[in-house]
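Step one of this worksheet: look at the structure below.
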Amino acid sequence: ASYTSIVHNNILYIGTNQGLFAKSMNKLKNSYIKDEKFIRVDKTLGQVWSLNVFKNQLFCGHNFGSFIINDYKSEIISNTPGGWDFKEVPWNTNYLIAGTYTGIVSFKTQGNTLVKKADLLGNFKESSRFVSIDEGGNIWVSHPYHGVFKLAIQANKPVSISRYSEKEGLSSSMDNQVFKINNQI
């Protein structure tokens with residue numbers, strides 16, 4: 001099953017439940033080599049959840065963690081299980097956050113180089129598949145069974161964590177997803 005795809009540096013990447021596969025766009029266009037197979041990117045066997053480009057680097061969210069992909073090679077940058085998705089931090093463009101099976105991790109860059117990975121919210125341990133950041137710098141996370149969470153952040157540290165469920169006006173705590181549309185959560 002395919003879950004995500006992206007074209008980056010003239011390579012088509014397809015994230016599946018069997019790993020990350022890649023094929024040059026040039027090879028796709030040339031009819032005489034149509035039958036050439038996709039190549040599995042090294043060390044990506046398993047479930048791929050997301051592919052995102054940040055500062056011209058391709059990030060892969062995977063069951064076993066988070067990777068940077070360079071052509072047909074991968075480099076693990078976080079072994080925190082379940083890299084769901086990546087978001088750029090609007091108040092500090094040197095940071096990228098990733099929702100994981102057990103909370104949120106952050107990545108710091110210097111120029112185009114990843115220099116550090118750290119738990120952003122060590123006390124927030126909810127699976128964070130759907131993550132969005134509002135204009136006030138709050139991180140919003142939805143959990144399929146536990147509701148919606150608002151994480152107030154100052155200086156890259158949590159100030160408070162609020163949970164929204166039926167008590168706070170949601171029609172249900174089940175199956176909520178947060179998205180940013182027209183700069184609104």
Side-chain angles (χ1 to χ4, degrees), residues 3-6 15 17 46-69 76-185:
Y3 289 84
T4 185
S5 64
I6 196 168
N17 61 337
Q47 179 67 56
V48 173
W49 294 116
S50 66
L51 296 167
N52 302 84
V53 174
F54 176 71
K55 293 191 176 186
N56 204 35
Q57 289 184 312
L58 179 59
F59 287 78
C60 173
H62 192 281
N63 185 57
F64 298 130
S66 299
F67 295 84
I68 290 180
I69 307 300
I76 192 153
I77 55 171
S78 170
N79 60 5
T80 302
W84 286 119
D85 201 4
F86 301 87
K87 301 288 182 195
E88 186 174 353
V89 176
W91 64 86
N92 188 337
T93 57
N94 289 325
Y95 282 89
L96 179 71
I97 63 169
T100 72
Y101 293 166
T102 57
I104 297 175
V105 295
S106 68
F107 302 96
K108 183 180 179 189
T109 61
Q110 190 169 25
N112 287 334
T113 305
L114 187 73
V115 292
K116 181 176 98 176
K117 180 265 230 207
D119 287 330
L120 179 64
L121 300 172
N123 60 339
F124 182 74
K125 300 294 184 191
E126 296 288 341
S127 181
S128 302
R129 182 168 188 182
F130 299 101
V131 177
S132 195
I133 303 171
D134 69 21
E135 296 302 309
N138 300 301
I139 299 173
W140 292 82
V141 175
S142 57
H143 187 285
Y145 309 116
H146 300 154
V148 175
F149 298 87
K150 177 183 174 185
L151 312 165
I153 307 296
Q154 289 181 353
N156 295 328
K157 300 267 188 251
V159 176
S160 67
I161 299 172
S162 304
R163 179 176 177 256
Y164 297 85
S165 63
E166 293 96 340
K167 289 185 227 171
E168 291 77 26
L170 292 179
S171 59
S172 171
S173 291
M174 304 289 282
D175 298 321
N176 293 295
Q177 297 178 18
V178 293
F179 297 96
K180 191 173 193 176
I181 300 173
N182 293 328
N183 289 325
Q184 293 185 331
I185 302 297

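Taking every heavy atom of both residues into account, T109 and F54 meet most closely at CG2-CE2, 3.7 Å. Here the shortest heavy-atom pairing between V89 and L96 reads CG2-N, 4.2 Å. Pairing each heavy atom of S172 with each of E166, the nearest pair is CA-OE2, 3.7 Å.
Remark: E168 engages S165 in a side chain to side chain donor-acceptor pair (under 3.5 Å) (not counting sequence neighbours). For I68, the side chain to side chain contact (heavy atoms under 4.5 Å, CB included) criterion is met by Q57, F59, N70, I77, L114, not counting sequence neighbours.
Rounded to the nearest 0.5 angstrom, Y3 OH and N17 CG are separated by 5.5 Å. The distance from the OG1 atom of T100 to the CZ atom of R129 is 13.0 Å, given to the nearest 0.5 Å. To the nearest 0.5 Å, the span separating CD on E88 from OH on Y95 amounts to 13.5 Å. Considering OG of S66 and CZ of F107, their distance stands at 4.0 Å, rounded to 0.5 Å.
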Step by step, would you call K55 with N94 a side-chain hydrogen bond (donor to acceptor under 3.5 Å, both in side chains)? CA-CA 9 Å; K55 293 191 176 186; N94 289 325; 3.0 Å; yes
Hey, mind stepping through W84 and F130 against ring-ring contact (aromatic ring centres under 6.0 Å, His included) and telling me if it holds? CA-CA 8 Å; W84 286 119; F130 299 101; 7.7 Å; no
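For the residue pair H146 and E126, a side-chain donor N or O sits within less than 3.5 Å of a side-chain acceptor on the partner.
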Enumerate donor-acceptor pairs with a distance under 3.5 Å from any side-chain N or O in residues 131-141 to protein atoms, sequence neighbours excluded.
| residue | atom | partner | partner atom | Å |
| --- | --- | --- | --- | --- |
| D134 | OD1 | G136 | N | 2.9 |
| D134 | OD1 | G137 | N | 3.1 |
| D134 | OD1 | N138 | N | 2.9 |
| D134 | OD1 | N138 | ND2 | 3.4 |
| D134 | OD2 | N138 | ND2 | 3.1 |
| D134 | OD2 | W140 | NE1 | 2.9 |
| E135 | OE2 | K180 | NZ | 3.0 |

